[in-house]
Amino acid sequence: MPLESHVIQQMIEENIPGAKVEIQDLRGDGDHYTAHIVSKSFEGKTKIQQHQMVYKALQGKMGNELHALSIHTKIEE
């Protein structure tokens, strides 16, 4: 069963405190999303480490309930 966008957003916000998260359903199928995440928690981390934080926040849902997620991270200024 696919994850709904608000569930993805909630999981990221709960696991990356203070993150500003915007989720878009790319195809309208509830299975292909893009996530824009802005957080001070990303400061001092590489893009790979930032993306790892997002994957960790999704608690193993990526590749299972969540088929495709394009991640865009930015350090909050």
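Since the model is a prediction, treat every value here as computed from it, not as a measurement.
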Evaluate Met53 against Ile37 for side chain to side chain contact (heavy atoms under 4.5 Å, CB included), listing each step before the verdict. CA-CA 11 Å; Met53 290 172 67; Ile37 305 131; over 6 Å; no
How many angstroms lie between atom [atom1] of [X] and atom [atom2] of [Y], to the nearest 0.5 angstrom?
| X | Y | atom1 | atom2 | answer |
| --- | --- | --- | --- | --- |
| Met62 | Ile8 | CE | CD1 | 9.0 Å |
| Leu66 | Gln59 | CG | CD | 12.5 Å |
| Tyr55 | Ile48 | OH | CD1 | 11.0 Å |
| Gln24 | His32 | CD | NE2 | 15.0 Å |

Show your working on side chain to side chain contact (heavy atoms under 4.5 Å, CB included) between Gln50 and Ile75 and close with a plain yes or no. CA-CA 9 Å; Gln50 294 171 18; Ile75 299 168; 4.1 Å; yes
If I compare all heavy atoms of [X] with all of [Y], which pair ends up nearest, and what's the gap?
| X | Y | answer |
| --- | --- | --- |
| Tyr33 | Ile23 | CD2-CG2, 3.6 Å |
| Ser39 | Pro17 | OG-O, 4.4 Å |
| Glu13 | Ala19 | CG-O, 4.0 Å |

Joint cluster assignment, Val38 & Ile12, ILVMFWY side-chain distance < 4.5 Å: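 Different hydrophobic clusters.
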Are any non-hydrogen side-chain atoms of Leu58 and Leu69 less than 4.5 angstrom apart?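 Yes, at least one pair of side-chain atoms sits under 4.5 Å.
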Fit a plane to each ring of His72 and His36, take the angle between them on a 0 to 90° scale, and name the class: parallel (under 30°), tilted (30 to 60°) or perpendicular (over 60°).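 Rings of His72 and His36: parallel, as their planes differ by under 30°.
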Listing request: all salt bridge (charged side-chain N to carboxylate O under 4.0 Å, His left out) pairs with a residue in residues 46-61, at least two apart in sequence or in separate chains. Lys61-Glu65
With side chain to side chain contact (heavy atoms under 4.5 Å, CB included) as the test, would you mind laying out the steps for Ile16 and Val21 before giving the verdict? CA-CA 10 Å; Ile16 304 176; Val21 182; over 6 Å; no
Answer yes or no: is there a donor N or O on one side and an acceptor on the other, between the side chain of Thr34 and the main chain of Ser70, under 3.5 Å? yes
